[in-house]
2 protein chains.
Amino acid sequence: MARRRQAVTIKHVAADAGVSLQTVSRVINKEASVRPEMAERVQASIDKLGYVPSIAAQRMGGSRSYLILALNDRERTIADWRERQGTDWVDQMMLGGMVKAAEHGYRLIVELVDTHSDHIERELSAALAALRPDGVILTPPHSENPLILKLLEAQHVSVARIGSLRDGYGFALTMDDERAGRLATAHLAELGHARIGFIAGPEAYELSGWRIEGWRQAMAAAGLGTEGLLARGDFGYESGLAATGALLDAGATAIVASNDRMALAVLEVARTRGLSIPGDLSLVSFDDTPIVRFTHPPLTAVVQPIAEVTARAVERIIAEQAGGEFDPAPEVVPASLTIRTSTAPPGQ
Amino acid sequence: MARRRQAVTIKHVAADAGVSLQTVSRVINKEASVRPEMAERVQASIDKLGYVPSIAAQRMGGSRSYLILALNDRERTIADWRERQGTDWVDQMMLGGMVKAAEHGYRLIVELVDTHSDHIERELSAALAALRPDGVILTPPHSENPLILKLLEAQHVSVARIGSLRDGYGFALTMDDERAGRLATAHLAELGHARIGFIAGPEAYELSGWRIEGWRQAMAAAGLGTEGLLARGDFGYESGLAATGALLDAGATAIVASNDRMALAVLEVARTRGLSIPGDLSLVSFDDTPIVRFTHPPLTAVVQPIAEVTARAVERIIAEQAGGEFDPAPEVVPASLTIRTSTAPPGQ
DNA sequence: TTGAAAGCGCTAACAG
DNA sequence: CTGTTAGCGCTTTCAA
């Protein structure tokens, strides 16, 4: 293992430009107190030598680490990757977050943590100690975990909580699940459905409640009853099968599923019961993952702007690092509805 | 921006254990020259204080950075993410690479680079200077790029080249595309097909050639001619449409597509021409991405062990860092064939 | 086997 | 506006 030293350091640049290290450092960090001509001269040396600062050294010097951690639930994420069912949550986070981070010279590091027990505290502490990130992006179901937030607050790390509305340490970003639930439900109501069932996600996810609330509101607004039309799932396929059965038995002519996997279960149950979609049953999925475009029929779905919301999270963390003002209001990046062919008027 | 200092450092551990910094450092790095009782005492302090070394400091001290860069083509990767067609290459790399890296205290950082012109040299140099990774994983079409390899060699960074067979700096890992091509083709030949068309990938990808070679070998082994049965695509949908048309016109009764996107194009052309699959035309895809399980019919496909190969790449990089012996032979993690319902005897 | 000293590349604090 | 001086937390010498 060859001992690798930085090829060109701040010293080389300083020597080349004939200035002190400090001046070079100031130019790198775009500090105001450098004469333009001086800055230009230094920049010329930087470009000439192809100098890029070592983030390890910057971090050691007491500056930023230019690292942002995106925390995701290990178990669920690995299961998604293994099953290869097309869930592209992490990809969308990278699309929005990593690309945005790169624009600012930051890197996004995906970190998987165990949700259970005290593991998460150990794991997170270790990651923080090892990496010393400037910011952490929390995703459901961690976004409002008090243990995590306390830990992060103690370390004064910038925190973005995706899928959260509550205030607390850091700032919240939401895709407005309530509105999304309303949107999906209203679409079905407008088509003429009266018995619109809803398959909720697990309670551990706060957003499950918001989506239910949106459904309730839309039902109320349309003057429809909800009796027997709410079924609880756990985002898994099996739970979707059970929930669908219950809703169908309750006379539902349309179903909103809280995620794509449960929507696939609806499809399956409809098939076994000989129900055509959308002829006999309309279906809206709550994820617009790749597979719902390839099902038969392709599903009308709530599109969650994961990339966009992650990009915003990164931007705000970086702004905070740069000393920007802190706006505590939750940031809303609304979801939308993509209408495909799984929804139609009832009894068509 | 609060000035964040490491909560617990090697100093605290040294003080707690009543030893010198150096001894703690030796324990951390599992050096042999520490008396067991001493090591135990130090370890106890480490556990008690929850100490985790700062990788920035370790790096600064001249040790490893515990960072491994996974280089991917920016344009293609971002396009895949945006289109949301289910391509899960990056996910599979993370599944294999990130998880394996984490087991050893390493982190995998995904880095996107522009393939074109001199961008790549600048970008890669900058990433190396900023991060100082211990290793770099190269993916097609970068795996054998001489500019990249020269740069990496100059910096003495460990390199894993995925999808490569050629020797050169670093070590090569292959999923044995030639064998995979043979496998897919032989499967069709065994079903009784004589006119088996092959839609190749772009020449920029070395593996395109290997797959063609596998197809040729299997055709020869089955005593079949290849006249007019090879069409060149570029991994894109449009190119797949054109290629399919050509192959069908040449009388193909079965087609092997070099990736899932082009396989979808085959499906589409078959539909427009009123050809049933597998009744009138058999189809094998070269990617087992999520969508090919949801097409109608689900596609027989070559499964590429991306996760496994990436895990091996990470393991070997880490072993090399640890001073392990270097085995220059390319590592083969063979692809397999998953048979679904898009293949059947001809004219069935 | 252990410890003390020096330095990695950079920035913060202070002078000038 | 610019330069000097101390570290940051760790590892590598080297010495004991």
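- Atom CD in Q58(A) sits about 17 Å away from atom P in dC8(C), given to the nearest Å.
- Here the options are K11(A), R41(A), K48(A), the test is side-chain hydrogen bond (donor to acceptor under 3.5 Å, both in side chains), and the partner is D16(A); only K48(A) passes.
- Partners of E103(A) by salt bridge (charged side-chain N to carboxylate O under 4.0 Å, His left out), not counting sequence neighbours, listed by chain and number: K100(A).
- Following rounding to the nearest Å, R132(A) (CZ) and dT11(C) (P) show an atom-to-atom distance of 18 Å.
- Rounded to an integer number of Å, the gap from E37(A) CD to dT2(D) C1' is 13 Å.
- Atom CZ in R41(A) sits roughly 16 Å away from atom P in dC1(D) (whole-Å rounding).
- Mapping V34(B) and A7(A) onto DNA chain C by nearest heavy atom places V34(B) at the nucleotide closer to the 5' end.
- Distances were taken from every side-chain heavy atom of S54(B) (C-beta onward) to each of dG9(D), dT2(C), dC10(C); the shortest belongs to dG9(D).
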What pairs of nitrogen or oxygen atoms, one from the protein and one from nucleotides 3-7 of chain D, lie under 3.5 Å apart?
from   : atom 1 : to     : atom 2 : distance (Å)
dG3(D) : OP2    : S20(A) : N      : 3.2
dG3(D) : OP2    : S20(A) : OG     : 3.1
dG3(D) : OP2    : T23(A) : OG1    : 2.6
dG3(D) : N7     : R26(A) : NH1    : 3.2
dG3(D) : O6     : R26(A) : NH2    : 2.5

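- Y66(A) pairs by the ring pair (Phe, Tyr, Trp, His ring centres under 6.0 Å) definition with Y106(A), not counting sequence neighbours.
- Distance CD1 (I55(B)) to P (dC10(D)): 12 Å, rounded to an integer number of Å.
- The distance from atom CD1 of I10(B) to atom P of dG9(D) is 11 Å, rounded to the nearest whole Å.
- Within the structure, no pair that satisfies the ring pair (Phe, Tyr, Trp, His ring centres under 6.0 Å) test touches residues 37-63 of chain A, not counting sequence neighbours.
- Considering only residues two or more places apart in sequence or on other chains, T139(A) meets the side-chain contact (heavy atoms from CB on, under 4.5 Å) condition with N72(A), W89(A), M93(A).
- A distance-only check finds no donor-acceptor pair linking the side chain of D88(A) to the backbone of D91(A) [under 3.5 Å].
- To the nearest angstrom, C1' of dG9(D) lies 15 Å from CG of L131(A).
- Nearest to the side chain of K11(A), among dC8(C), dT2(C), dC10(D), sits dC8(C).
- Q321(A) contributes a side-chain N or O that, together with a main-chain N or O of D134(A), makes up a donor-acceptor pair within less than 3.5 Å.
- Applying the 4.0 Å criterion to OP1 and OP2 of dC10(D), one finds that Y66(B) has every side-chain N and O outside that range.
- Rounded to 10 degrees, the angle between the two end axes of the helix from dT1(C)-dA16(D) to dG16(C)-dC1(D) is 30°, with five pairs used at each end.
- The closest donor-acceptor contact from the side chain of D327(B) to the backbone of A329(B) lies under 3.5 Å.
- Base contact: S33(B) has a heavy atom under 4.0 Å from a base atom.
- For E40(B) and dT1(C), the CD to C1' distance is 17 Å, given to the nearest whole Å.
- Between S25(B) and dT11(D) there is a side-chain polar atom (N or O) within less than 4.0 angstrom of OP1 or OP2.
- A heavy-atom distance below 4.5 Å is found between the side chains of I28(B) and V24(B).
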